[in-house]
Amino acid sequence: MPLKSHTCGELRSAHIGQMVTLAGWVHRRRDHGKLIFIDLRDRWGIVQVVFNPDTSAEAHAVAETLRLEYVIQVKGMVCRRPPGMENPDLETGEVEVAAQEITVLNTAKTPPFYINEDTPVDETLRLRYRYLDLRRQRMQRNIILRHQVVKFIRDFLCNEGFIEIETPILFKSTPEGARDYLVPSRLHPGKFYALPQSPQQLKQLLMVAGFERYFQIARCFRDEDQRGDRQPEFTQLDIEMSFVDREDVMDVVERLYTAVIEQVSDRQLLFKPFPRLTYAEAMRRFGTDSPDLRFGMELVEISDLVVGCDFRVFSETLAAGGIVKGLKVPGGASYSRKQVDELAEFVRTFGAQGLVTLALDEHGQVRSPTAKFLSEETLQSIIRRMEAQPGDLMAFVADRPSIANEALARLRVMLGDKLGLRDNKLLALCWIVDFPFLVWNEQEQRWDPSHHPFTAPMDEDIPLLDTDPGQARGKQYDLVCNGYEIAGGSVRIHRREIQEKVFRLIGLSMKEARDQFGHLLEAFEYGTPPHGGIAPGIDRFVMLLAGEPNIREVIAFPKSQSAMDLMAGAPSPVSPEQLKELHLKLDL
RNA sequence: GGGGGCGUAGUGUAGCGGUUAACAUGUCGGCCUGUCAAGCCGAAGAUCGCGGGUUCGAAUCCCGUCGCUCCCGCCA
């Protein structure tokens, strides 16, 4: 006799008359003295169990002792509920189980917070009792969704001829990129493994190995500070393909994402096919390479309209090589002085000197302390350029292009939230392409790869590497969803002379290159196919599918902001014996 | 490394210099045969995160510290 014959969630009117054995947790109890109702919960749902002393005095007596979260097994008859007593809020609400036997499989202490409702609870408590938090409906839903997404991805890619290959967790530290998590070697005193930041090099080696189409649900580790969308360990869908150009990679990924959103989630895909923006266009229109395309409020540059004007904030910024750019806040003319000050304070967070605002009142008159510095003609040309309507507020940042773009991009998103324009039922995916191949590192006075050192430059831009490297574009592509970068990839360099040229450009001597990437460079000499790939973040994507505000909600056992596991208490000290074995001395 | 927010019965909150720290919910006990956030009656439950200071008097003001969280830096 199994512990359960049916799940709690599956019972329907079709089961009426059947004897069933259920097992699960006491979700709620309603004790009427004689009649006792128990909502019994398992992973599949909730069903009402009735204990009637007339049916079984024995079972009823046990039911009186039940408390929330007790684990019980119930044997009883599935019955139609009396007329008018159905519960439409419950999928099993047409029926109930008349209990004849009950076994308490385990008792439970009163939980430290409500399991049976999704009310907010202090994050410390949730993380400390994560196994209880995971019992709650919200987390059950998220974790199950995550499973469905990963399952769908596996099936989809297998059908496309990909094979899944595991790569090592103990690997080699590379000096570039994020800080590594290190693992001391017992057998090799003073030496360390590093946990992979991503399986980047290994997947390229798998292309050299001839697997042609590889994927992995890969755990990645980066020892950097946390954010709401960043954990020290996270999961990537790692993909690499041989004999492809970027169109092939983007095609697979676009079909995959379209299918998974349409078939697994309840979110609405806003664009099909995904729009493509060049990096330059994204920066011009949105000030960022990860724009949220669910709403407008695009950035507009007005540098040419205010060059040489009497307003020195504008004219001096422009003379120094800066730009004047802004956006239009619909209905923002009614904002109070305090609200406008808050906007200015907000952009200062991102390094902007301040925010210049022009309000257009209901009569179309400009209200602003700045207006007196600008001619009527200039004001009118700004209003036309911004397409401002009476009642709108225009907000401008005059600064270096990088700061103006960043500040306005953040302001746009913040206002989008404030104005309710970021509907999380909608998913706006887009591709960003034609990234700059190199970015100038001001501190080190050298070029850095904008993606990584194995990304290929655009074929037609290869000559630029010798003449004007900053103008060269790379074969890189990012997938963006609702303002989050959810995937980044590139076609890789597979020819030695290009690779050497790139190493030279980024200031890496052949010796340094050999020390760091020798295994890869050596492999490349044994017949490397053209190849490229991409690495979508699974956690972030599931977070968006689930409509959750942070990544912890879709990870079963996440770390806190300070990278601790509050449940198990990791990290923790280790014994002197363990340290000695690893040849480590602490210096605290 | 830096800045902001939060920390008060088990939980969620109120109180923001002055009697016995309030409310809801949960918990425990009693009543109750159709509830489904069951209802009614009663009871217990807080060294106000921790340490120091100011004050006649501190949950309340100040300083420090710890924890959670958001952000900047960081994240090829």
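All chains are named by letter (A, B, ...) in the order of the sequence lines, taking the proteins before the strands, and each is independently numbered beginning at 1.
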Residue closer to the 5' end of RNA chain B, A:Asp229 versus A:His452 (nearest nucleotide):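 Mapping each residue to its closest nucleotide by heavy atoms, the 5'-most match is A:Asp229.
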Using the closest heavy atom to pick a nucleotide of RNA chain B for each, name whichever of A:Ala178 or A:Thr110 lands nearer the 5' end. A:Thr110
Suppose we define a pair by two distances each less than 3.5 Å, Watson-Crick or G-U wobble; what does [N] pair with here?
N: B:A43; answer: B:U27
N: B:C16; answer: none
N: B:C75; answer: none

Residue pairs fulfilling ring pair (Phe, Tyr, Trp, His ring centres under 6.0 Å) with at least one residue in residues 51-91 of chain A, sequence neighbours excluded: none
Measure distances between side-chain N and O atoms of [X] and base N and O atoms of [N], and say whether any donor-acceptor pair falls under 3.5 Å.
X: A:Arg30; N: B:C32; value: no
X: A:Arg67; N: B:C28; value: no
X: A:Arg222; N: B:C75; value: no

Residues forming a salt bridge (Lys or Arg N to Asp or Glu O under 4.0 Å) with A:Arg219, sequence neighbours excluded: A:Glu233
Just to confirm, is there a sub-4.0 Å distance from OP1 or OP2 of [N] to any side-chain nitrogen or oxygen of [X]?
X: A:Gln200; N: B:A76; value: no
X: A:Arg28; N: B:A37; value: no
X: A:Arg552; N: B:C70; value: yes
X: A:Arg227; N: B:G73; value: no
X: A:Thr119; N: B:U25; value: no

Would you measure the distance from the [atom1] atom in [N] across to the matching atom in [M] and give it in whole Å?
N: B:C16; M: B:C56; atom1: P; value: 23 Å
N: B:C50; M: B:U8; atom1: C1'; value: 14 Å
N: B:G12; M: B:C68; atom1: P; value: 16 Å
N: B:G15; M: B:A59; atom1: C1'; value: 9 Å

For A:His451 and B:A76, is the gap between ring centres under 5.5 Å while the planes differ by less than 30°? no
Mark this stacking check for A:Phe37 against B:U35 as yes or no, applying ring centres under 5.5 Å and ring planes under 30°.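 The ring of A:Phe37 is stacked on B:U35.
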